[in-house]
2 protein chains.
Amino acid sequence: MPYLKREAPNPEPIDCRILTAALDLFVNSGYHNVSVHEIQKQADVSIGSIYKHFGGKDGIAKALYKHILNEMDELVDDVMNEHKSPKKQCEEIIRLLCGYTETHYDIMAFIFHAKHTEFVPDEPLICNTLPFIKIREIVKSGMECGEFREINSWVAASTIFGGVIRMIQLRLDNMIEEPLPTYFETLIDASLNGVLTSDTTKTDNKISAVL
Amino acid sequence: MPYLKREAPNPEPIDCRILTAALDLFVNSGYHNVSVHEIQKQADVSIGSIYKHFGGKDGIAKALYKHILNEMDELVDDVMNEHKSPKKQCEEIIRLLCGYTETHYDIMAFIFHAKHTEFVPDEPLICNTLPFIKIREIVKSGMECGEFREINSWVAASTIFGGVIRMIQLRLDNMIEEPLPTYFETLIDASLNGVLTSDTTKTDNKISAVL
DNA sequence: GTCTATACGCTGATAGAC
DNA sequence: GTCTATCAGCGTATAGAC
């Protein structure tokens, strides 16, 4: 039947629609304020399918959690492969996070704006997931190779990435009006200054003092 | 009746017991995972009293929110009164936050570990409350008086306080095993280095390089 | 595999006695 | 002011037709 115009069939696979709808609703209303019925409605799927595919609301949350963290992990891997120096790697991760906040609001909000222990209690804490572990490893290797000062690694990691994370949270809360990449250079400079070894610091300082 | 030994009467006022119990439960289980019945049980009060005093679960949350932020605000005020230099003020606030994380776990968890918009939607965002606004003012005045470099104030504030906040969150998540004050000096040094004007930086850098 | 209709439990909230 | 008993509604989950 050549001219039979079928309804655009499966614009997206069903489980993908469910996850997309769930992410949107979770991020905008909060996990506990969203009912399965709302997800079902927004995903244009029946409740039965949801329970068939994910086993329930918590199943959706778990799947989302794993999916998103896997995506982050791959991004971190890419950065690690493309750049060798830990300092450069940190910079690129910060750039990545800034950019992603603008292009993938939901994902960043899901990662940095939710208290996951409240709804995926048996999943590992987000700071114990692969991408975050890898980032801490980067910081450590930066200290070993002499790019970063030898201080406690928690302090180092928090100093380097605490600034961006804070900026991301403020941006997600609509406190910061400009897109984050606007501040990228300043942010990098300020965040890394505190942990760089003195020789590296000096030059950067002079440059930014002149500007 | 002299020797009538009454039950220790009102060890604490009733609304105080309710708030204490609620804070504990909210922090440890998450607002949405706590029922009024649980609060009632733990506070050793009847449901009626709770609704009489606070009008419901959300009333408790609001009262807690205001109470705690008021407490924080007074602490910030104290710091601002006792120290004049913005740099010193920032240091003392960081010290304060580190100490408070150890001595007042629940309060810090409530402030830094919960997504308040999900359960007190009509209250101002936490970053728009008095203590946080004042902290940003400190940062701005630091730039005006020349202690801090003149960069975007969001970046400056995030750089200075993003590190501590991150440390607090990691500590609350039991990732960091030592009490935060252990890291205070290192943290201050690393956090402030990025925003100090170059002359101030130089000396500090040399000192920490020698150590 | 997908859907509809239904059941069951829990939670927030109230009414009224003391 | 404090309590107990009770209600109404919602939200998760299931059973069974298509």
Side-chain angles (χ1 to χ4, degrees), chain A residues 6-65 114-123, chain B residues 6-65 114-123:
Chain A
R6 288 191 301 175
E7 297 255 331
N10 301 338
E12 283 185 279
I14 189 166
D15 51 348
C16 184
R17 266 184 300 163
I18 294 173
L19 287 181
T20 307
L23 176 60
D24 179 56
L25 289 167
F26 288 169
V27 161
N28 290 308
S29 307
Y31 177 79
H32 294 281
N33 298 320
V34 173
S35 73
V36 179
H37 293 278
E38 290 176 80
I39 301 175
Q40 168 239 351
K41 190 182 159 196
Q42 179 157 334
D44 198 29
V45 178
S46 71
I47 289 214
S49 305
I50 288 186
Y51 280 88
K52 203 70 174 169
H53 276 267
F54 296 101
K57 192 176 160 186
D58 55 345
I60 301 179
K62 268 193 199 178
L64 256 184
Y65 192 75
K115 222 213 148 187
H116 310 97
T117 41
E118 286 186 18
F119 60 92
V120 279
D122 42 348
E123 290 296 311
Chain B
R6 290 192 300 175
E7 298 254 332
N10 300 337
E12 283 185 280
I14 190 165
D15 50 348
C16 184
R17 265 183 301 164
I18 294 173
L19 288 181
T20 308
L23 176 61
D24 179 55
L25 289 167
F26 289 168
V27 162
N28 290 306
S29 308
Y31 176 80
H32 293 282
N33 297 321
V34 173
S35 73
V36 180
H37 293 277
E38 290 176 81
I39 300 175
Q40 169 239 348
K41 190 183 159 194
Q42 178 156 335
D44 198 29
V45 178
S46 72
I47 289 215
S49 304
I50 288 185
Y51 280 89
K52 203 71 175 171
H53 277 267
F54 296 101
K57 191 176 161 185
D58 54 345
I60 301 180
K62 268 192 198 176
L64 257 184
Y65 192 75
K115 223 212 147 187
H116 310 98
T117 40
E118 286 187 17
F119 60 92
V120 279
D122 41 348
E123 290 295 311

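Each chain gets a letter, A, B and so on, in the order its sequence line appears, and its residues count up from 1.
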inquiry  = I need the B/Lys41 NZ to B/Ile47 CD1 distance, nearest 0.5 Å.
reply    = 12.5 Å

task = Using atom CD of A/Glu38 as one end and atom P of D/dG11 as the other, report the distance to the nearest whole Å.
result = 7 Å

query = Would you say B/Lys52 reaches D/dG1's phosphate, i.e. side-chain N/O to OP1/OP2 under 4.0 Å?
reply = no

ask   = Starting at NZ of B/Lys57 and ending at C1' of C/dA13, how long is that distance when rounded to a whole Å?
value = 13 Å

task = Whole angstrom is fine here: how far is it from CZ in B/Phe54 over to P in C/dA13?
result = 14 Å

ask   = Taking the side chain of A/Ile14 as heavy atoms from C-beta outward, which of D/dT2, C/dT14, C/dT2 is closest to it?
value = C/dT2

ask   = Rounded to whole angstrom units, what separation is found between the CD atom of A/Gln40 and the P atom of C/dT2?
value = 14 Å

task = Using the six-membered ring wherever Trp is involved, compare the ring planes of B/Tyr31 and B/Phe119 and label them parallel, tilted or perpendicular (cut-offs 30° and 60°).
result = parallel

message = Both A/Asn33 and B/His53 contact DNA chain D. Which one's nearest nucleotide lies toward the 5' end?
response = B/His53

ask   = Under 4.0 angstrom, heavy atoms only, what part of the nucleic acid is B/Gly56 near: base, sugar-phosphate, or nothing?
value = sugar-phosphate

query = In whole Å, what is the span from the NZ atom of A/Lys41 to the P atom of D/dG11?
reply = 13 Å

message = So if I take every side-chain heavy atom of A/Ser49 and compare against C/dC3, C/dT14, D/dT12, which nucleotide ends up nearest?
response = C/dC3

ask   = Which one, D/dT2, C/dC3, D/dT12, comes nearest to the side chain of B/Ser46?
value = D/dT2

query = How long is the line joining CD1 of A/Ile47 and P of D/dC10, in whole Å?
reply = 15 Å

Side-chain donor-acceptor contact under 3.5 Å, B/Gln42 with B/Asp24 = yes

inquiry  = How many whole angstroms separate atom CD1 of B/Ile50 from atom C1' of C/dT14?
reply    = 14 Å

ask   = Can you check the A/His32 NE2 to D/dT12 C1' distance for me, whole Å?
value = 14 Å

inquiry  = Restricting to non-hydrogen atoms, name the atom on A/Ile18 and the atom on A/Ile50 that form the minimum distance, rounded to 0.1 Å.
reply    = CD1-CG1, 3.9 Å

ask   = How long is the span from the NE2 atom in A/His37 to the NZ atom in A/Lys57, to the nearest 0.5 Å?
value = 11.0 Å

query = Between C/dC3, C/dA13, D/dT12, which one does the side chain of A/Val45 approach most closely?
reply = C/dC3

